[in-house]
Amino acid sequence: MGNKNKLAKFAEIREFSNVFEHNEAPKGKWSSVFKNDNPIVLELACGKGEYTLGLAQLFSDKNFIGVDIKGNRIWRGAKTATDENIPNAAFLRCQIGRITDYFSHEEVSEIWITFADPQPRDGKAKKRLTHLNFIKKYIEISIKPLIINLKCDSTLLYEFTKEVIHENNFKTLVDVDDVYNWDERPEELNIQTFYEKMWLEEGKKIKYLRFSVG
Ligand SMILES: C[S@@+](CC[C@H](N)C(=O)[O-])C[C@H]1O[C@@H](n2cnc3c(N)ncnc32)[C@H](O)[C@@H]1O
């Protein structure tokens, strides 16, 4: 994608009513964005927002917010939400490490993390989105117990997250190391992201963890 195209998308998302940049996030007032009191679910590292949109279409009784720092990726999801009239999906462009700046205490009910960068170098473990430092931030903005869903291709991120769950006595609700070989796979696990499709083409197995914390 050329630079000009990116800049055009940055300009366009500023006009979208379903995209919030970090400095305009309605902290504590997200329900007013959706005009209802339905539970709020976040998709972190949403990229083009396939999960945010797919879940919003499956579960009309919940509101979904895709969170990513890359405006040109968020543009794709926000444009589709507008074109297809999906009222229970929105997007927030911000650093996930600052998520507590954008949501109030008990504002969130569930989190999805889809194909986040596994940060393979040992020294970078603190950047993994399931590191305890991040989970503590998620707990700060959530109703307890908070449900976290991790869908990924990375064995490293999957095993690392299992260790975090074990070390902190979090409760594993589902642990599947090959999603597409799981007969009881719920419908929401059939949603596929841009990165997931790439990894599937390379023959990678997709893992899924659902756990509760707090
Ligand atoms: C590998 S991509 C996955 C995107 C999408 N979930 C998918 O599966 O196609 C990871 C995404 O995480 C975003 N990201 C990584 N670290 C982030 C952070 N600290 N704050 C916000 N976004 C972040 C990147 O901008 C990127 O879009």
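Predicted model only: the values in this text are computed from it and were never measured. Atoms within each ligand, like the ligands themselves, are counted from 1 in listed order. Computation of the quantities below employed the complete heavy-atom set of this structure, encompassing side-chain atoms and omitting hydrogens, waters and symmetry-equivalent molecules.
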Out of [options], who is nearest to [atom] when you count heavy atoms only?
| atom | options | result |
| --- | --- | --- |
| atom 18 (C) of ligand 1 | Arg128, Lys151, Gln95 | Gln95 |
| atom 13 (C) of ligand 1 | Asp153, Asp117, Asp68, Ile113 | Asp68 |
| atom 23 (C) of ligand 1 | Ile99, Leu44, Ile96 | Ile96 |

Would you mind reporting whether Phe59 and Asn38 have side-chain heavy atoms less than 4.5 Å apart? no
Does Asn63 reach the side chain of Val41, with side-chain heavy atoms less than 4.5 Å apart? no
May I have the step-by-step check of side chain to side chain contact (heavy atoms under 4.5 Å, CB included) for Asn190 and Tyr180, ending in yes or no? CA-CA 8 Å; Asn190 291 330; Tyr180 297 105; 4.2 Å; yes
Distance-only donor-acceptor check, side chains Glu43 and Thr114, under 3.5 Å: yes
Verify the distance criterion only: is there a donor paired with an acceptor across the side chains of Asp153 and Tyr195 at less than 3.5 Å? no
Is there any N or O on Ala45 that sits under 3.5 Å from an N or O of ligand 1? yes
Under 3.5 Å between some N or O of ligand 1 and some N or O of Thr114? yes
Heavy atoms of the protein only: does one fall short of 4.0 Å from atom 16 (N) of ligand 1? no
Which ligand 1 atoms does [X] reach within 4.0 Å, using its non-hydrogen atoms?
| X | result |
| --- | --- |
| Cys46 | 5 (C), 6 (N) |
| Gly47 | 4 (C), 5 (C), 27 (O) |
| Cys94 | 20 (N), 21 (C) |

Verdict with reasoning, Phe64 to Leu42, per side chain to side chain contact (heavy atoms under 4.5 Å, CB included): CA-CA 6 Å; Phe64 296 86; Leu42 304 186; over 6 Å; no
Could you check [atom] against the protein and tell me its nearest heavy-atom contact, residue, atom and distance included?
| atom | result |
| --- | --- |
| atom 22 (N) of ligand 1 | Ile69 N, 3.2 Å |
| atom 10 (C) of ligand 1 | Phe115 O, 4.1 Å |
| atom 2 (S) of ligand 1 | Tyr195 CE1, 3.5 Å |
| atom 7 (C) of ligand 1 | Thr193 OG1, 3.3 Å |

Pick one of side chain, backbone, both or neither for how Arg73 approaches ligand 1, counting any non-hydrogen atom pair under 4.0 Å. side chain
Determine whether any heavy atom of Gly49 lies closer than 4.0 Å to an atom of ligand 1. no
More than 12 heavy atoms of other residues, nucleotides or ligands under 6.0 Å from CZ of Arg185: is that the case? yes
Heavy atoms from other residues, nucleotides or ligands near CG of Asp37 exceed 12 (cutoff 6.0 Å): no
Is a donor on one side and an acceptor on the other found under 3.5 Å between the side chain of Ser104 and the backbone of Glu107? no
Please report whether the ring centroid of Trp199 lies less than 6.0 Å from that of Phe194. no
